[in-house]
J.: 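Below is one structure. I have some questions about it.
Numbering of ligands and ligand atoms starts at 1, following listing order.
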Amino acid sequence: MVELTLTDVTKRYDDTQGTEVAVDDLSLTVEDELVVLLGPSGCGKTTTLRMIAGLETVTDGRISIDGRDVTDLHPSDRSIAMVFQDYGLYTTMSVRENMAYGLKHSTSLSASERRDRVEEMATMFGIEDLLARDVSDLSGGQKQRVALGRAMVREPDVFLLDEPLASLDAKLRSEMRTELQQLQSRLDITTVYVTHDQKEAMTMADRVVVLDGGRLQQVGPPEEVYASP
Ligand code: ADP
Ligand code: ADP
């Protein structure tokens, strides 16, 4: 059981152009479920995810995991893994090295435990035959499986996905959607999933959060959110 809580979270960017409120007083709890952040480009989805990951500071409010404030923790001290649209893999490394990199901070694991974890996760994502390959030789779908495996190998408390399927073609996207759904329903991970694709939101989400201009517009199970005017 992992509870991620955002309380009155605001993000303001100040620059020479003035002030941009990217996220405006957002409160949200995610617990052992997949919550989709949905909304048009510029509504604050990515900024929200990056604040949870610690890649962006919070202007106001707090973010906590199981009641513990994470806002001041260094990214590597948060038990959070993030997957990006463009994979974010280390292109000069093999699949195995990329996945093992996810365990870099897990100092309590022995070398053989690390190897076992990597192989177990590779099997889960169907890439066990690719472990020795260079990442640069892989197809888009294979790369995204490696990125998911690298994130999950750490057994994070919170899993963040930013348009993880957007670079894939339609067929692969629908395949991966099914696989991610199965993984989610098997493991009940506390997951925040960003997309602007309504179909993706509809099929993947336990609950959908609709953002507009950095504000929460609606939250609920997909069938409720889509049924309302
Ligand atoms: P989304 O992911 O929904 O497309 P973003 O979170 O990327 O939205 O952006 C939300 C708003 O914050 C947008 O208006 C965007 O222009 C602004 N923004 C995002 N990053 C920065 C930044 N580094 N500096 C200034 N404004 C930014
Ligand atoms: P450090 O050795 O300082 O931890 P890293 O290369 O691990 O440097 O990156 C710094 C931080 O940036 C990481 O702790 C992580 O939170 C974030 N980061 C970098 N790449 C990724 C990625 N692919 N997925 C998730 N977070 C990442």
Side-chain angles (χ1 to χ4, degrees), residues 4-30 33-65 70-76 78 80-89 140 143-144 147-148 151 156 158-168 170 173 176-177 180 184 189-222 224-226 228:
L4 168 71
T5 308
L6 281 68
T7 311
D8 305 328
V9 170
T10 292
K11 177 67 184 182
R12 273 191 302 275
Y13 291 107
D14 291 302
D15 58 29
T16 50
Q17 315 295 312
T19 295
E20 169 80 38
V21 181
V23 176
D24 194 357
D25 206 23
L26 178 64
S27 294
L28 177 67
T29 297
V30 186
E33 63 182 325
L34 189 150
V35 165
V36 167
L37 297 185
L38 180 71
S41 180
C43 72
K45 304 183 296 294
T46 296
T47 301
T48 301
L49 224 53
R50 290 175 57 84
M51 285 190 289
I52 299 169
L55 303 174
E56 201 74 72
T57 58
V58 172
T59 310
D60 260 318
R62 52 175 263 156
I63 298 174
S64 61
I65 296 177
V70 297
T71 315
D72 295 327
L73 291 182
H74 183 269
S76 59
R78 302 180 182 200
I80 292 172
M82 186 156 165
V83 171
F84 304 91
Q85 175 182 349
D86 58 3
Y87 322 123
L89 296 172
K143 281 183 188 156
Q144 197 52 287
L148 291 164
V158 173
F159 196 28
L160 306 174
L161 301 124
D162 193 355
E163 304 264 8
L165 309 183
S167 301
L168 307 178
R173 195 156 59 228
M176 293 284 296
R177 202 154 60 203
L180 279 178
Q184 178 68 30
I189 313 164
T190 295
T191 304
V192 185
Y193 188 109
V194 161
T195 184
H196 63 267
D197 183 334
Q198 296 206 0
K199 191 168 159 204
E200 211 161 290
M202 189 73 193
T203 51
M204 308 264 317
D206 294 310
R207 288 188 304 142
V208 177
V209 170
V210 182
L211 294 178
D212 193 16
R215 292 227 180 89
L216 190 149
Q217 296 295 316
Q218 260 186 298
V219 55
E224 264 176 37
V225 167
Y226 286 97
S228 61

J.: Taking any residue with a non-hydrogen atom under 4.0 angstrom from an atom of ligand 1, which ones do you get?
T.: Y13, E20, A22, P40, S41, G42, C43, G44, K45, T46, T47
J.: Check this for me: does any side-chain nitrogen of one of E20 and R12 sit under 4.0 Å from a carboxylate oxygen of the other?
T.: no
J.: So among V194, T47, L38, L26, which one has a side chain to side chain contact (heavy atoms under 4.5 Å, CB included) with L211?
T.: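 Only one of V194, T47, L38, L26 forms a side chain to side chain contact (heavy atoms under 4.5 Å, CB included) with L211, namely L26.
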J.: Partners of D15 by side chain to side chain donor-acceptor pair (under 3.5 Å), sequence neighbours excluded?
T.: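 By the side chain to side chain donor-acceptor pair (under 3.5 Å) rule, D15 matches no residue at all.
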J.: Can you sort out the partners of D24 under salt bridge (charged side-chain N to carboxylate O under 4.0 Å, His left out), two or more places apart, ordered by chain and number?
T.: R215
J.: Nearest heavy-atom pair of L148 and M176: which atoms, and what distance?
T.: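 Heavy-atom minimum between the residues: CD1-CE, 3.5 Å.
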J.: Apply salt bridge (charged side-chain N to carboxylate O under 4.0 Å, His left out) to R177 and list each qualifying residue two or more places apart in sequence or on a separate chain.
T.: none
